[in-house]
2 protein chains.
Amino acid sequence: MDETKNTPTGQVPTLADVAQAAGVSTATVSRCLNLPDQVTEKTMRRVMEAVDRLGYSPNYSARALAANRTNTIGAIIPTMENAIFARGLQAFQEELHQSGCTLLVASSSYEEDLEEEQIKTLTARGADALLLIGYHRKPRVYEFLEKRKIPTLVAWAFDPEVSRLAVGFNNRAAMHELADIVMAAGHKQIGCISADTLSNDRARERALGIRDAMSAAGLDPSTLRMVETTYSIENGETAFHELMAHPEPPTVVMCGNDVLAVGALRAAAAMNLRVPEDVAITGFDDIELASVAPVPLTTVHVPHRRMGQFAAQALLDELNGKKPDSIELPTAIYRRSSF
Amino acid sequence: MDETKNTPTGQVPTLADVAQAAGVSTATVSRCLNLPDQVTEKTMRRVMEAVDRLGYSPNYSARALAANRTNTIGAIIPTMENAIFARGLQAFQEELHQSGCTLLVASSSYEEDLEEEQIKTLTARGADALLLIGYHRKPRVYEFLEKRKIPTLVAWAFDPEVSRLAVGFNNRAAMHELADIVMAAGHKQIGCISADTLSNDRARERALGIRDAMSAAGLDPSTLRMVETTYSIENGETAFHELMAHPEPPTVVMCGNDVLAVGALRAAAAMNLRVPEDVAITGFDDIELASVAPVPLTTVHVPHRRMGQFAAQALLDELNGKKPDSIELPTAIYRRSSF
DNA sequence: TTGTACGCGTTATCAG
DNA sequence: CTGATAACGCGTACAA
């Protein structure tokens, strides 16, 4: 007989086991764990001793059911394979962990319908709050979230016109700023390789930023030559070839993200084009790839980690009734060699 | 009065609400959702109609409590900022999603104690199974997992000597193979930049692989000059400088991963050393960085995505009582320019 | 095939 | 400060 453990079976100990072992009620044990200062120091000691001895740890499903709170926060991102999301999510998770919250992750693969499904799944799983990327989604999705009263935060984008809680940056303004510099250097034929602008509002805003700058500089924005493609180095290469096949090829190719830009870089090398002498190339995001690339990329630096941290804080505040404000994070142009 | 919805309040509808709306018992509704073929097609229709009408979705906490299964699988990785884990985890999540499982993510920051804490957290949260990276952890952790009967899988490593369920590759053998080729090219002074070998068994095995090869080639493994440092390009640079400061510097620097190797590459460039003429450099993992680097890296390719997929399958099988086998994935040497 | 009723492990209310 | 005890929403024997 093992006298050191009085859980009858080899089962996982429950609150009741601890209560019995400590000679108190389950209510008291629960209080020791959740409201430590409503309990005598003496009973606290007795209870904690029993907790340790039995190796008790609370069943979160039961707790969630009773308290109607899971201490779990969901994040739905396009894909973790994109370093910007991996990095931000890592910071997000670390921050949550400090507050005893756990992260539930789902990915949308940049597909609107899949995102909607994942939102339903994560809320059904009891996520107390949700981190979503960008603003773009069907109204019915927002309605669902509101009806369910799930605190939701939009990250990786910040639109001053929208009142929704967000922690991000102004994609349009950032790209506008970069385009200003590009045009100040005399470029007039501008090409753009972008992610899909239909369902990806960050991509859309970035492209608009270029057009804004063109207009401001007295150029016709409709002369912007755009190729849309999905996220990969190879697709960046293909798009670059397409752009340069034009009789009057662009003198600068502004890419919607660093990965596409690296593809462009590679294609340029294959075509024996010097960068930036023959054609300039710019990126966006400033992931590691940007600085390591054969021709270090001029790009827009985005503070992904801080974004993740702030997003976690905001959501946590919201859950504690603190009414957080949206946060616009600054971006910065990192001028390297590709332009 | 809203006749289309008979949930009394604006609350989230429950099984009971659906049952009432469909004029059946809660048991029947539950069956419709979980055991569809134990129910008449007619009642099924009635019930599903009510489900749709009320917008019902099950409360997973309650379900978990009652069924003692959460359909949630936990993964604890060092960090998502490391592309190898981000990629594998993405594939892992996609695979889980296909089977209706959700992913709970926690990170250990390469810290053994933090990993232990996260294991406790995720099991308390009711993870049905766990994905862990590498074999190295305290015996008490494995004991805990066994006592709790949590199916656990080790990934990113495969040791034929250990019977534990694993989906990974033989780090030691892979590095051995690369070292063989390096030495066949005549290198005798070998340097190594490695991650911490104390608590990181993948790093340890890779270093051992080099030593194995040295012994096999008649070289004294104790002449291997090792520098251990943590994961970052900057640390790779520092370590490279350290290695090359030696009076008889190595002619080849074998790095434990691509990120450190890129750091070495950068340091070499800063020292005006040509790669591979003056000093050869190798990596491990074959992340994007490896092929994009100024001097494309010779490295060991690892099928990270497939590893994630297979890991998910194995864990899912285990949960369904299918007794999966461990899987050793092949790696391949990708010979590029850095050696 | 369907319904009844109990139990899952906690939290929280209300007396004591 | 502490102890009963009723929810919480669902799964599942067992009975019909």
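Quick note: numbers below take in every heavy atom, side chains included, and nothing from hydrogens, waters or symmetry partners. The sequence lines fix the lettering, A, B, ..., with proteins before strands; numbering per chain opens at 1. Just so it is clear, the model here is predicted, and its values are computed rather than measured.
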| query | Can you check whether A:L132 reaches A:E115 side chain to side chain, under 4.5 Å on heavy atoms? | reply | yes
| request: Using side-chain hydrogen bond (donor to acceptor under 3.5 Å, both in side chains) as the criterion, list what pairs up with B:T72, not counting sequence neighbours. | output: none
| Partners of B:K323 by side-chain hydrogen bond (donor to acceptor under 3.5 Å, both in side chains), sequence neighbours excluded? | B:E318
| remark: Readout for nucleotides 6-16 of chain C: B = base within 4.0 Å of protein heavy atom, S = sugar-phosphate only, - = neither; 5' to 3' it is -BBBBBB----
| Contact boundaries on DNA chain D for chain A, cut-off under 4.0 Å to non-hydrogen atoms | D:dC1 to D:dG9
| Mind checking what makes side-chain hydrogen bond (donor to acceptor under 3.5 Å, both in side chains) contact with A:D196, not counting sequence neighbours? | A:S199
| said: So, using side-chain hydrogen bond (donor to acceptor under 3.5 Å, both in side chains) as the criterion, who are the partners of A:T152 when residues are at least two apart? | reply: none
| said: Angle between the two end axes of the helix from C:dT1-D:dA16 to C:dG16-D:dC1, five base pairs per end, rounded to 10 degrees? | reply: 30°
| query | By ring pair (Phe, Tyr, Trp, His ring centres under 6.0 Å), which residues pair with A:F85, not counting sequence neighbours? | reply | A:W156
| message | Taking side chain to side chain contact (heavy atoms under 4.5 Å, CB included) as the definition, give me every residue that meets it alongside B:I327, ordered by chain and number, with sequence neighbours left out. | response | B:V167, B:F310, B:L329
| request: Not counting sequence neighbours, which residues clear salt bridge (charged side-chain N to carboxylate O under 4.0 Å, His left out) with B:R46? List them please. | output: none
| said: Applying side chain to side chain contact (heavy atoms under 4.5 Å, CB included), can you list everything that pairs with A:D325, at least two apart in sequence or on another chain? | reply: none
| query | Who passes side chain to side chain contact (heavy atoms under 4.5 Å, CB included) against A:T79, sequence neighbours left out? | reply | A:E81, A:N82, A:Y110, B:Q90
